[in-house]
Amino acid sequence: MSAAEGPLVVGVDSSTQSTKALVVDVSTGQIVASGQAPHTVSSGAGRESDPRQWWDALCEALRQCGDAAHEAAAVSIGGQQHGLVTLDAQGEPVRPALLWNDVRSAPQATRLIEELGGPKAWAERTGSVPGASFTVTKWAWLAEHEPEAVRATAAVRLPHDYLTERLTGQGTTDRGDASGTGWWASGTESYDEEILRHVGLDPALLPRVVRPGEVAGTVRDCHDLPFSKGTLVAPGTGDNAAAALGLGLRPGAPVLSLGTSGTVYAVSKHRPADPSGTVAGFADAHGDWLPLACTLNCTLAVDRIATLLGLDREAVEPGTSVTLLPYLDGERTPNLPNASGLLHGLRHDTTGGQLLQAAYDGAVHALLGALDLVLDEDADRTTPLLLIGGGARGTAWQETVRRLSGRPVQVPEAKELVALGAAAQAAGLLTGEDPAAVARRWNTAAGPVLDAVDRDEATFARISGVLSDAAPLLERDPSGR
């Protein structure tokens with residue numbers, strides 16, 4: 001047995017580009033062992049991954065955890081949201097999964113909104129207005145472009161569902177991840193049969209929605225993972241809901257996550273329904289709600305600008321009047337799936353460092369513009385903004401968020417919050433606690449607080465103005481259709 005004080009659990013973060021596994025002591029929150037393995041994403045018009053790579057990466061990450069993983073009493077999977085996984089009758093992928101950042105289904109999103117009552121009706125029904133990231137639009141795209149794949153599909157899963165099912169042999173999901181599909185009705189917390197019928201998806205192909213705190217199954221003994229047979233498997237959830245658990249979020253505490261995508265969210269007691277489509281009305285993983293806004297272009301886009309300029313990502317210089325909208329992959333917030341990057345205000349004396357700072361400003365502007373819509377009206381606007389994700393420890397990111405938000409910023413020292421949230425969910429199965437309370441007991445949100453500075457209203461307003469003026473250009477379909 002390891003030197004842990006209490007039982008051990010495994011929390012997994014199967015993200016866009018890699019899978020991480022943590023073995024955590026339930027009593028203390030100490031990380032006893034960890035492992036990580038990569039997977040690949042296609043480039044070009046689509047963003048796809050072979051789900052079998054996720055499983056192979058999970059196996060490798062757990063192998064790196066050694067004996068500690070074998071001692072674990074429970075496991076939970078946190079995974080990238082929205083991805084469409086189609087499986088045949090043998091449980092094998094029909095085709096590579098369509099990922100959250102694949103925007104080819106933008107025309108189908110527009111059509112579905114029009115055909116089923118408009119944005120307000122969708123928001124009231126599902127909590128969200130579907131964009132190209134939502135699973136329902138990806139299914140509609142697949143039905144239109146690859147009908148043979150649809151005919152071969154015997155089961156439809158989300159990324160975390162796929163991994164959980166390979167552990168247990170049972171098709172399950174949770175309310176947090178289901179709420180990002182576009183075919184789960186937030187008002188009734190059930191699959192919406194009219195939407196499913198409209199897109200030609202048989203409800204029998206979908207996983208059972210497991211309730212918060214319910215056991216999804218146990219680990220079966222037909223694979224080579226280090227778990228003991230009968231190890232408990234928690235419902236798992238989407239990555240943002242897992243991170244919210246990992247922070248032990250209380251209602252009203254705002255989070256800004258800087259990763260491949262950027263997100264702002266907060267736990268709420270109120271079911272969200274934003275007809276503008278800016279805020280996705282997601283459920284969280286323990287019975288509340290997680291209103292969230294997401295951008296497609298965050299750390300990778302800014303790093304790409306730094307690479308093009310031949311600069312270190314921290315080599316920023318105070319900006320002038322230059323504006324850079326780093327919408328390199330299209331954009332979700334604002335909803336501009338056909339957009340590309342836009343530079344405005346370039347002068348002879350503009351420096352590379354100023355261009356790089358403008359890229360940071362453009363990325364953060366999109367997130368902060370959605371923050372007030374995410375928060376409840378009675379939320380305390382002086383509460384520190386929790387800054388998480390891969391970019392959170394970068395000085396340029398921190399200072400840009402402080403300057404454009406005018407809020408104090410707290411940077412939790414815990415790094416793998418999605419995996420920690422999944423571990424807290426697994427721990428809740430053993431202790432009967434609310435997983436968020438487990439995370440608070442582990443003190444996962446602890447970290448330095450950076451004082452508020454005066455908000456840079458002029459830069460924020462300038463970027464908003466350029467975005468408004470350039471909207472017709474950014475909305476144009478580059479294919480000419």
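Count residues from 1 along the sequence. For the numbers below, each heavy atom of this structure counts, side chains included, while hydrogens, waters and symmetry mates do not.
- Between P326 and A301, the closest heavy-atom pair is O-CB, 3.7 Å.
- Residues F282 and W289 keep their aromatic ring centres 6.0 Å or farther apart.
- Of all heavy-atom pairs spanning L342 and A470, the tightest one is CD1-CB, 3.7 Å.
- A donor atom on one side chain and an acceptor atom on the other are not found under 3.5 Å apart for R332 and T295.
- Contact detail for T444 and P412: the closest heavy-atom pair is O-CB, 3.8 Å.
- The pair D329-R47 counts as a salt bridge, with a side-chain nitrogen and a carboxylate oxygen less than 4.0 angstrom apart.
- At least one donor-acceptor pair under 3.5 Å links the side chain of E214 to the backbone N or O of R211.
- Under a 3.5 Å cut-off, the side chain of R441 and the backbone N or O of V26 do form a donor-acceptor pair.
- Residues H160 and T237 have side chains that never bring a donor and an acceptor to within less than 3.5 angstrom of each other.
- Side chains of E48 and D102 form a contact here, defined as non-hydrogen atoms less than 4.5 Å apart.
- When atom types are taken as modelled, the side chain of Q354 and the backbone of P318 share a donor-acceptor pair closer than 3.5 angstrom.
- A side-chain N or O of S190 and one of T188 form a donor-acceptor pair less than 3.5 Å apart.
- For the residue pair T181 and H82, no side-chain donor N or O sits within less than 3.5 Å of a side-chain acceptor on the partner.
- Looking at every heavy atom in both residues, C298 comes nearest to G259 through CB-O, 3.1 Å.
- If you check the side chains of S105 and T137, you find a donor sitting under 3.5 Å from an acceptor.
- Sorted by first and then second residue, the salt bridge (Lys or Arg N to Asp or Glu O under 4.0 Å) pairs involving residues 289-306 (not counting sequence neighbours) are D303-R313.
- Annotation for R250: atom CZ does not count as buried by contact number, only 12 or fewer foreign heavy atoms lying within 6.0 Å.
- The minimum heavy-atom distance between R175 and P212, with the atom names listed, is CD-CG, 3.8 Å.
- For the residue pair E317/T351, the side-chain donor-acceptor check at 3.5 Å is satisfied.
- At least one donor-acceptor pair closer than 3.5 Å links the side chain of S179 to the backbone N or O of G176.
- Across all non-hydrogen atoms, the minimal contact from G394 to E314 is CA-OE2, 3.4 Å.
- V438 has its side chain within reach of W442: a pair of non-hydrogen atoms, C-beta onward, lies under 4.5 Å apart.
- The side-chain hydrogen bond (donor to acceptor under 3.5 Å, both in side chains) test applied to T263 returns N240, not counting sequence neighbours.
- In this structure, L450 and Q398 have side chains that are in contact, with non-hydrogen atoms separated by less than 4.5 Å.
- Among pairs with a residue in residues 251-276, those fulfilling salt bridge (Lys or Arg N to Asp or Glu O under 4.0 Å) read K269-D288, at least two apart in sequence or across chains.
- Here the rule is side-chain contact (heavy atoms from CB on, under 4.5 Å) with V264, and of D372, L292, L256 only L256 fits it.
- Under 3.5 Å, the side chains of D161 and T173 contain a donor-acceptor pair of N or O atoms.
- Here the side chain of N297 pairs a donor or acceptor atom with the backbone of L328 at under 3.5 angstrom.
- Q17 and H39 share no donor-acceptor pair across their side chains, judged by distance under 3.5 Å alone.
- Without hydrogens or angle criteria, E331 side chain to T333 main chain gives a donor-acceptor distance under 3.5 Å.
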